[in-house]
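Input: a single structure, listed below in structure tokens.
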Amino acid sequence: MTTESTPTADYGPRTPRILSIDDSELMHRLLRARLQLEQIEIFCAATGEEGLRLAHELKPDVILLDIELEGIDGFEVLQRLKEDARTRDIAVIFISASTETMDRVRCLDLGAVDFISKPFDMAELKARLRAAIRVQQLLRMLSQRAQLDGLTALWNRAFFDQRLATEVQQARRLGHPLSLILSDIDHFKSVNARFGHPFGDEVLAFFATILSSRRTTDIACRYGGEEFAIILPGVAAQGAFEVAEDMRKGFESHTWRRQSDLVLTASFGVADLTMIDAAGTPQDLVARADLSLYGAKRSGRNRVSLEGVPLAA
């Protein structure tokens, strides 16, 4: 499958993306025709500057790069890719008619993963492309594992901080709503003290399933200890309140297999972008949600609070 559609956000599984930067339209047509049965998306650029722009926008898995380009050449394109934190991890394969050994050496020294000479055998290109994609997918998987909480399998605090900043920026740019829910399991330390840490871990893991069982676009994270956060793109405060209330009820009504008479509860605080000014930071949004959470706890726990004032569902 090949396409030139607009890419979606780069979080989670996706079809591998290939970006060809070559000044030959014939080369682009050849790649589209011969790779059409591969499970990839193909994007093309005719100049180095256009290629750099698309690399920033698309975050491709692999870039196929020619040396001879109009304007900046392939060497400079590769150097700029490697100097930019947003693109430095993209695998770059040079495809060039150059027969100079020093050109190959320079490409590899600058950070390219491979060099294929024109004219090339398509079967060889496909094999090398698949190998590069496999390595990129493995690296992405390892990177994501480093951003996951080991107990709950939710995103961890480091990922939360990064993702919230991205979502705030995007919501403001597009004029879309964005909400944040902070949650805390009530009296969790006493649960550990009374029933032991293994049961406490079971509670945390189940609570995580409650928080991550909504829309696939919501981002549930373990904020720290028994505290959790859910980022809700496209949702205003009242909608987030209703989501949190459903989560609260689901957790409270759960029957624990080894403690059937035990009722556990959680408190939730909600905030959205309208509660901070245009210059407000993601940390300001967290502070407002935390204020709401504090209001829920101060009002007796086991409730959802918006702006520190408990509301009826």
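We count residues from 1, following the sequence as given. Everything quoted here is computed from the prediction, not taken from an experiment.
- At distances below 3.5 Å, at least one donor-acceptor pair connects side-chain atoms of R222 with backbone N or O atoms of G225.
- Counting heavy atoms of neighbouring residues, nucleotides and ligands inside a 6.0 Å radius, atom CD of E70 does not exceed 12 of them.
- Using cut-offs of 30° and 60° for the angle between ring planes, the F94 and F75 rings count as tilted.
- Applying the 6.0 Å contact sphere to CZ of R34 captures no more than 12 heavy atoms from other residues, nucleotides or ligands.
- With respect to R288 and D284, no salt bridge is recorded, no charged nitrogen being found less than 4.0 Å from a carboxylate O.
- Taking a cutoff of 4.0 Å between a charged side-chain nitrogen and a carboxylate oxygen, K249 and E252 do not qualify as a salt bridge.
- Using a 4.5 Å cut-off between side-chain heavy atoms of Ile, Leu, Val, Met, Phe, Trp and Tyr, with links allowed through other members, V62 and L139 fall into different hydrophobic clusters.
- Between E49 and R53 there is no salt bridge, since no side-chain N of the basic residue sits under 4.0 Å from a carboxylate O of the acidic one.
- A donor-acceptor contact shorter than 3.5 Å links the side chain of D61 to the backbone of R17.
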After noting the C-alpha distance and the side-chain angles of L35 and K126, does the key distance pass the side-chain contact (heavy atoms from CB on, under 4.5 Å) rule? CA-CA 8 Å; L35 298 176; K126 289 180 179 179; 3.7 Å; yes
Given side-chain contact (heavy atoms from CB on, under 4.5 Å), test T152 with S212 step by step and report yes or no. CA-CA 10 Å; T152 64; S212 59; over 6 Å; no
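- At most 12 non-hydrogen atoms from other residues, nucleotides or ligands lie less than 6.0 angstrom from CZ of R145.
- A donor-acceptor pair is defined here as one N or O able to donate and one able to accept, closer than 3.5 Å; such a pair exists between the side chain of S292 and the backbone of V270.
- From I230, atom CD1 reaches atom OG of S179 across 11.0 Å, with rounding to the nearest 0.5 Å.
- To the nearest 0.5 Å, atoms CG (L81) and OG1 (T87) are separated by 4.5 Å.
- The two residues H28 and S20 come nearest to each other via the heavy atoms CD2-OG, 3.4 Å.
- In terms of modelled atom types and a separation under 3.5 Å, the side chain of H56 and the main chain of L52 share a donor-acceptor contact.
- Counting non-hydrogen atoms of other residues, nucleotides and ligands closer than 6.0 Å to NZ of K189 gives a total of 12 or fewer.
- Q169 contributes no side-chain N or O that, together with a main-chain N or O of T166, makes up a donor-acceptor pair within less than 3.5 Å.
- In this pair, Y223 and F160 present their aromatic rings perpendicular. The plane angle is above 60°, beyond the 30 to 60° band.
- Under the 3.5 Å distance criterion, the side-chain polar atoms of D186 are matched with a main-chain donor or acceptor of N302.
- Residues D66 and K118 approach most closely at OD2-NZ, 3.5 Å, considering heavy atoms.
- Listed by chain and residue number, F207 satisfy the ring-ring contact (aromatic ring centres under 6.0 Å, His included) test with F228 (two or more places apart in sequence, or in another chain).
- Nearest heavy atoms, T217 versus P233: O-CD, 3.4 Å.
- For the atom pair CG (L262) and CZ (R194), the distance works out to 6.5 Å, reported to the nearest 0.5 Å.
- By the 4.0 Å N-to-carboxylate-O rule, R32 lies close enough to E25 to be salt-bridged with it.
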After noting the C-alpha distance and the side-chain angles of E38 and R130, does the key distance pass the salt bridge (Lys or Arg N to Asp or Glu O under 4.0 Å) rule? CA-CA 9 Å; E38 301 291 316; R130 290 179 191 132; 2.9 Å; yes
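- The shortest distance between side-chain heavy atoms of F199 and E202 falls below 4.5 Å.
- In this structure, A153 and L148 approach most closely via the heavy-atom pair O-CD2, 3.7 Å.
- By the 30° and 60° cut-offs, the orientation of the rings of W155 relative to F159 is parallel.
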Run R80 and E83 through salt bridge (Lys or Arg N to Asp or Glu O under 4.0 Å) and show every step you take. CA-CA 5 Å; R80 287 166 62 174; E83 290 173 349; over 6 Å; no
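- Within the structure, the salt bridge (Lys or Arg N to Asp or Glu O under 4.0 Å) test picks out the following pairs touching residues 84-93 (sequence neighbours left out): D84-R86.
- Taking both residues in full, the closest heavy atoms of V235 and R215 are given as CG2-NH2, 3.3 Å, listed atom of the first, atom of the second, then distance.
- The two atoms that bring Q136 and A91 nearest to each other are NE2-N, 3.5 Å, heavy atoms only.
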